[in-house]
Amino acid sequence: MKIAKFAYKGVPAWGLVDGPELVLFKGHPLFNNYETTGDRLALKDVQLMPPVLPTTKILCIGKNYEDHAIEMGLGIPTEPLIFFKPTSALIGPEESIVIPSKISTDIDPEGELVIVIGQLAKDVSEADAMSYVWGFTIGNDVSARDIQTRDGQWARAKGFDTFCPLGPWIETEFEPEGQLIETRVNGEIRQSSSTNKMMFDVPRIIAHVTAAMTLLPGDVIFTGTPAGIQNIVPGDVVEVEVEGIGVLRNAVA
Ligand code: MG
């Protein structure tokens with residue numbers, strides 16, 4: 001099922017995506033047994049929001065596709081490389097990525113499959129990992145490449161406001177193996193790969209992360225991006241598509 005968070009008349013709510021409509025959940029679907037009110041809204045009449053609780057953590061795996069690790073040129077990780085983006089960077093579908101032009105114009109989108117955690121997770125084995133997953137969504141790990149290189153630490157380069165588009169919804173029945181992942185800018189394909197090309201798969205990532213830190217429901221993990229990074233400029237429109245989930249679309253301002 002596809003679960004969306006949205007604002008309707010300025011109030012956040014959750015709904016089940018049913019074709020062109022949303023069926024409203026009573027409260028939060030994860031904590032309320034997916035009970036619905038039966039009320040329906042047209043998807044076109046709502047503003048979709050990032051589908052998080054909010055989240056306590058936005059974790060990302062760096063250089064998880066070998067071809068991207070090679071284009072970045074700083075070696076291939078031998079275990080999952082973890083970094084954070086701040087929650088203040090989150091934006092939803094159709095919101096604008098804002099280039100911080102006084103600080104950097106060397107801005108790349110990174111299309112990524114994103115894991116959404118469904119229950120408290122600590123020291124989870126690879127064998128059990130999938131039972132802690134609520135579902136999957138799509139993210140764009142927008143990065144100021146010059147600052148990433150200059151700072152060493154990636155917090156600022158990947159942490160600007162609006163640098164974390166997320167959505168359009170959570171797909172709870174998604175199988176993370178062998179799905180097409182594609183990033184398009186103004187309709188032109190920039191990144192096109194398969195989730196099978198991840199060096200560390202979803203269970204390995206969850207086991208690795210939870211060996212270090214406790215994950216809470218609603219925490220999200222970006223699983224890395226394939227090769228094909230290239231700058232975006234104001235006026236561009238970025239679409240990240242993951243087969244089986246949908247399309248995350250954001251303009252650049
Ligand atoms: Mg990334």
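None of these values were measured; they are calculated from a predicted model. Numbering of ligands and ligand atoms starts at 1, following listing order. Values below: all heavy atoms of this structure, side chains included; hydrogens, waters and symmetry mates excluded. Along the sequence shown, residues are numbered consecutively beginning with 1.
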K.L.:
What's in the same ILVMFWY side-chain cluster as Phe83, cut-off under 4.5 Å, chained through other members?
P.N.:
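Members other than Phe83 - counting any ILVMFWY side chain reachable under 4.5 Å - are Leu81, Trp154.
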
K.L.:
Which count of protein N, O or S atoms is obtained for distances strictly below 2.8 Å from the Mg ion (ligand 1)?
P.N.:
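If we list every protein N, O or S atom nearer than 2.8 Å to the Mg ion (ligand 1), we get 3.
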
K.L.:
Is Lys85 paired with Asp141 through a side-chain N to carboxylate O contact shorter than 4.0 Å?
P.N.:
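Looking at Asp141 and Lys85, the cut-off is met.
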
K.L.:
How about Lys26: does its NZ atom have over 12 heavy atoms from other parts shown lying under 6.0 Å from it?
P.N.:
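No, not enclosed.
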
K.L.:
Sort out for me which residue in Ile61, Ile205, Leu166 forms a side chain to side chain contact (heavy atoms under 4.5 Å, CB included) with Phe222.
P.N.:
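With Phe222 as partner, Ile61, Ile205, Leu166 yield a single side chain to side chain contact (heavy atoms under 4.5 Å, CB included), made by Leu166.
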
K.L.:
Leu22 versus Phe6: any side-chain heavy-atom pair under 4.5 Å?
P.N.:
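With C-beta onward as the side chain, the pair touches.
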
K.L.:
With a 4.0 Å cut-off, would you call Lys2 and Asp18 a salt bridge?
P.N.:
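No.
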
